[in-house]
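Each chain gets a letter, A, B and so on, in the order its sequence line appears, and its residues count up from 1. What you see below is based on every heavy atom in this structure, not just the backbone, and it leaves out hydrogens, waters and symmetry mates.
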2 protein chains.
Amino acid sequence: MQTTERRERGSTRERILDVALELFLEQGYEKTSLREIADRLGVTKAALYYHFASKEDILLELHLRLHALGRDILDRFDVLDDEEIVRSWPGLLDEFIDRVIANRELFLLHQRNQSAIEQLAQNERHQAENEDIQQRFRRFLANDGLPLEARVRMACSLGAIFSALMGVGGVFGDVPDEEIVRYVRAAVRDLFPAG
Amino acid sequence: MQTTERRERGSTRERILDVALELFLEQGYEKTSLREIADRLGVTKAALYYHFASKEDILLELHLRLHALGRDILDRFDVLDDEEIVRSWPGLLDEFIDRVIANRELFLLHQRNQSAIEQLAQNERHQAENEDIQQRFRRFLANDGLPLEARVRMACSLGAIFSALMGVGGVFGDVPDEEIVRYVRAAVRDLFPAG
DNA sequence: GTCTATATTTCGATAGAC
DNA sequence: GTCTATCGAAATATAGAC
């Protein structure tokens, strides 16, 4: 119970990120100007620059939150041998589905602004500490130790999850999310008959 | 064998579209300037405006080619009743896979520049004659006549195909495309056990 | 059809007062 | 921490000669 900065709930910095995420989803990153973000927030452009060094930094901050969601899942690969990875994959997918549902907007940001996000990786501190999660997964798919068929099906399963869950909330009509998630889990399970 | 304009092979207009597609994939639509397109083509910006009314028009032209690829497949839905759609879905997917492979770059353009392309739909002649293919598919997924599970699996199957085939050529290591396609077909088939 | 300008606009970013 | 004011750059698009 510190008196100051107990938690950054509702701090300006957080509100900037909220509004930015909102607008980046509506209009895309490039088409969203800092003026729009500031206007919707009721401040001026210059105020944004007190909290972030650049527009790219706002996107980077949002992207890093997505990173954090996937990092510990990917980290487990490093302690598993190839065969164990294949065996534990379906279980990992179940966790993954939960996170996609709980953080749909962050995943949507990544899906709908791929070009902008890829160029984050080239520039900045994004390199030093952060190996890009997508690159890491690509390297994983190129691993000769795993049977090609298994790798293809892994890629398929991720795409299937994204495709079915990203549009959740309207696309399938007026259906509770849980029902859709149940069907997605079943479908993905059929992609790994042995598991 | 007409003497003039026999076919627009290698016409400047076509070369502009080729270079634009190339750069839109490398850098994204927004980060690509008309100057870059003109430079790589060996002409000036002004020359581009002789062939296209705006930068958006270049993207629109590329997008319409993707449209044409999917339209006749979607058109067949209109003459099928709901049950027939479910039954013929796996066969349609097989055709679809062929088209994705044959036109990978156009699909990549759509995948990596979603925000830019969605805003095409709001503005222009894109509305009059063209109902957006994505909207059409969304309406399809909302159709109550089909069992929800079937619709979820349909969405999954498309995502699986995209995810596995878009990265083809490098992502899975040095493997011929045909082999990967074969595994994708098998995987997608497992999503529709009854079919 | 392509060129050399140039117009026009918008955006990201900074300086400095409060 | 937020403001006013402005800079400088870059982009789209146009005008008009060749």
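Residues forming a side-chain contact (heavy atoms from CB on, under 4.5 Å) with A160(A) (at least two apart in sequence, or on another chain): C156(B), A160(B). Checked against side-chain contact (heavy atoms from CB on, under 4.5 Å), H110(A) has the following partners two or more places apart in sequence or in another chain: H63(A), L66(A), I117(A), Q134(A). Checked against side chain to side chain donor-acceptor pair (under 3.5 Å), D75(A) has the following partners two or more places apart in sequence or in another chain: R136(A). A search for side chain to side chain donor-acceptor pair (under 3.5 Å) contacts involving R151(A) returns nothing, not counting sequence neighbours. Among residues two or more places apart in sequence or in another chain, the salt bridge (Lys or Arg N to Asp or Glu O under 4.0 Å) test is passed with D177(A) by R104(A).
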Inset, instruction - Starting at the 5' end of nucleotides 3-18 of chain D, put B wherever the base has a protein heavy atom under 4.0 Å, S where only the sugar-phosphate does, and a dash everywhere else. - result: BB------SBBBB---
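L48(A) places its CG atom 14 Å from the C1' atom of dT14(C), with the value rounded to the nearest Å.
Y50(A) has a side-chain polar atom (N or O) that falls below the 4.0 Å cut-off from OP1 or OP2 of dG1(D).
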